[in-house]
Number of protein chains: 2
Amino acid sequence: MEPSQQPRPFRRRDPLSTREAILCAARELVAERGPEGMTISEVAHRAGVNRGTAYQHFRNRGELATAVHDWFGGTLAMLLSSDLPVSERIDRFLEFIVGHPEYARLWIDEMLSIPNGRPNESWKTFVAALEVFAESIGAQPGIDPERLGRILVSAPLVWSLWANRAVTEEDRSLEVRHFSHEIKRMLLFGVLNPEAWPEMVAEVAKPALADKAQ
Amino acid sequence: MEPSQQPRPFRRRDPLSTREAILCAARELVAERGPEGMTISEVAHRAGVNRGTAYQHFRNRGELATAVHDWFGGTLAMLLSSDLPVSERIDRFLEFIVGHPEYARLWIDEMLSIPNGRPNESWKTFVAALEVFAESIGAQPGIDPERLGRILVSAPLVWSLWANRAVTEEDRSLEVRHFSHEIKRMLLFGVLNPEAWPEMVAEVAKPALADKAQ
DNA sequence: GAATTAATCAACAACGTTGTTGATTAGATG
DNA sequence: CATCTAATCAACAACGTTGTTGATTAATTC
């Protein structure tokens, strides 16, 4: 490597947007390769920034990782709470999550790593909202908000990442409509025809804790 | 590091179980840290084997990774097909998946990385079985097998990893019963009370493709 | 029991990543 | 304009991982 004749090519200084560029690249990388796959080198490279600059903004790898994590927590609440009617809320949610695969991936990682991380405030408020809903006239009786919440969130997350295999924008929005239709259908009517499954109906009629007792 | 006086401590030779130990450690590691988090060094260390030995059994990191992948594909079919009644099948599935978190994690990675990997044969047969079911008297009308399959599989997978935070064995089996109850309830009755959501019922009555047309 | 095979390991070189340091200078402040 | 702060970068050392090679020897075969 010969010493370059040209003066060092300094970039225009704008620490705020530099930091944002680094964070953005980090999110992207975590989304692509999972949290362990993110390296400072690659992040800096993608952000078009010297590796040392990244260390100026984030003390070390761990701090960058938690910064990604925090950014995520911030936007999560926004997504779960809304005053739109349910049907539109579902569509908005699905569209957002398909349009932001890095977000879906982060969310899944978040769900899988709660023991290590801090407790998640926005998740609690989401479950609280489900509890209110479960008591309302619009809900089926006997709902378990905590577990239903897991189902309602995780299924679209995993699906959305899968759906992003679609190449064209058209294919993607078609897939959104298909999934939206199926999940609404399921929410309204379930999957099994109760008349054909009397034993299961009887089993579910009992509370969960008594199921396997005796 | 001084040269050791003792003769080199050779381990009893048993290539088959050595290979199995390496594969097992690899699975464990992929489960814990995701596919990018698996290093040959750590795998060898956990398997109690010299790193060079690992290279004797697997040409390189990639080959070990696909070996893990293949092991997974093999056991997948077994899990999805069964002649048990539905209710028990659900319980067995949930118990297995909670008892084998490394499997759940691998499965999720698999679902998220289909574009890179080879197409998944066992998934196709699973969807085919769902198609047959969808036409049967036991099913609700209008089911979309492909999308329903995603929901039915991904939700328990993500839940199971979350459920493994439970410390005691008792807590875990309690959680299994709760989730089992909720998912059966949902399969039978859905989530929303159709009478309270006439617009959504009307929306779902139309086929998915016509939803947003006009 | 001698010769062969191959399973196991230690040591090596090449490479990538990490975190640190010191030099350079853009932009802010006086 | 002179000074100061801190944003940016290049270079460095320490470390871990990768894949290779050659030595050692447990099993197997003849």
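For clarity, every value in this text was computed on a predicted model and none was experimentally measured. Protein chains get the first letters and strands the later ones, always in sequence-line order, with residue 1 at the start of each.
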Sequence-distant partners of B:Y55, side-chain contact (heavy atoms from CB on, under 4.5 Å), two or more places apart: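 Applying side-chain contact (heavy atoms from CB on, under 4.5 Å) to B:Y55 gives B:I40, B:R51.
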Which residues share a side-chain contact (heavy atoms from CB on, under 4.5 Å) with B:R19, sequence neighbours left out: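 Here the qualifying residues are B:H57, B:F58.
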field: ring pair (Phe, Tyr, Trp, His ring centres under 6.0 Å) partners of A:H100, counting only residues at least two apart
entry: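 For A:H100 the ring pair (Phe, Tyr, Trp, His ring centres under 6.0 Å) partners, ignoring immediate neighbours, are A:F96.
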task: Just grab all the salt bridge (charged side-chain N to carboxylate O under 4.0 Å, His left out) pairs involving residues 52-61 of chain B, residues at least two apart or on different chains.
output: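 Checked against salt bridge (charged side-chain N to carboxylate O under 4.0 Å, His left out) - neighbours excluded - the pairs reaching residues 52-61 of chain B are B:R59-B:E63.
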message: Give the residues of residues 30-43 of chain A touching DNA chain C, defined as any heavy atom closer than 4.0 Å, sorted by residue number.
response: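 When residues 30-43 of chain A is checked for heavy atoms under 4.0 Å from DNA chain C, the hits, listed by number, are A:T39, A:I40, A:S41.
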Who pairs with [X] by side chain to side chain donor-acceptor pair (under 3.5 Å), at least two apart in sequence or on another chain?
{"X": "B:S87", "answer": "A:E203, B:K184"}
{"X": "A:D171", "answer": "A:T168"}
{"X": "A:E32", "answer": "A:R46"}

- request: Check DNA chain D against residues 53-61 of chain A and give the residues with a non-hydrogen atom under 4.0 Å, in numerical order.
  value: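 Within this stretch, A:T53, A:Q56, A:H57 sit under 4.0 Å of the strand.
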message: Go nucleotide by nucleotide along DNA chain C from the 5' end; which of A:R51 and B:G52 gets its closest nucleotide reached first?
response: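 The residue whose closest nucleotide sits nearer the 5' end is B:G52.
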message: Rounded to whole Å, please give me the gap between NE2 in B:H45 and P in D:dG16.
response: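 Answer to the nearest Å: 13 Å.
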message: Does D:dT8 have OP1 or OP2 under 4.0 Å away from a side-chain N or O of A:T18?
response: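 Indeed, a polar side-chain atom of A:T18 lies that close.
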- request: Answer yes or no for A:R27 and A:W71: cation-pi contact, defined as NZ/CZ to six-membered ring centre under 6.0 Å and angle to ring axis within 45°.
  value: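 Ring-cation test returns yes.
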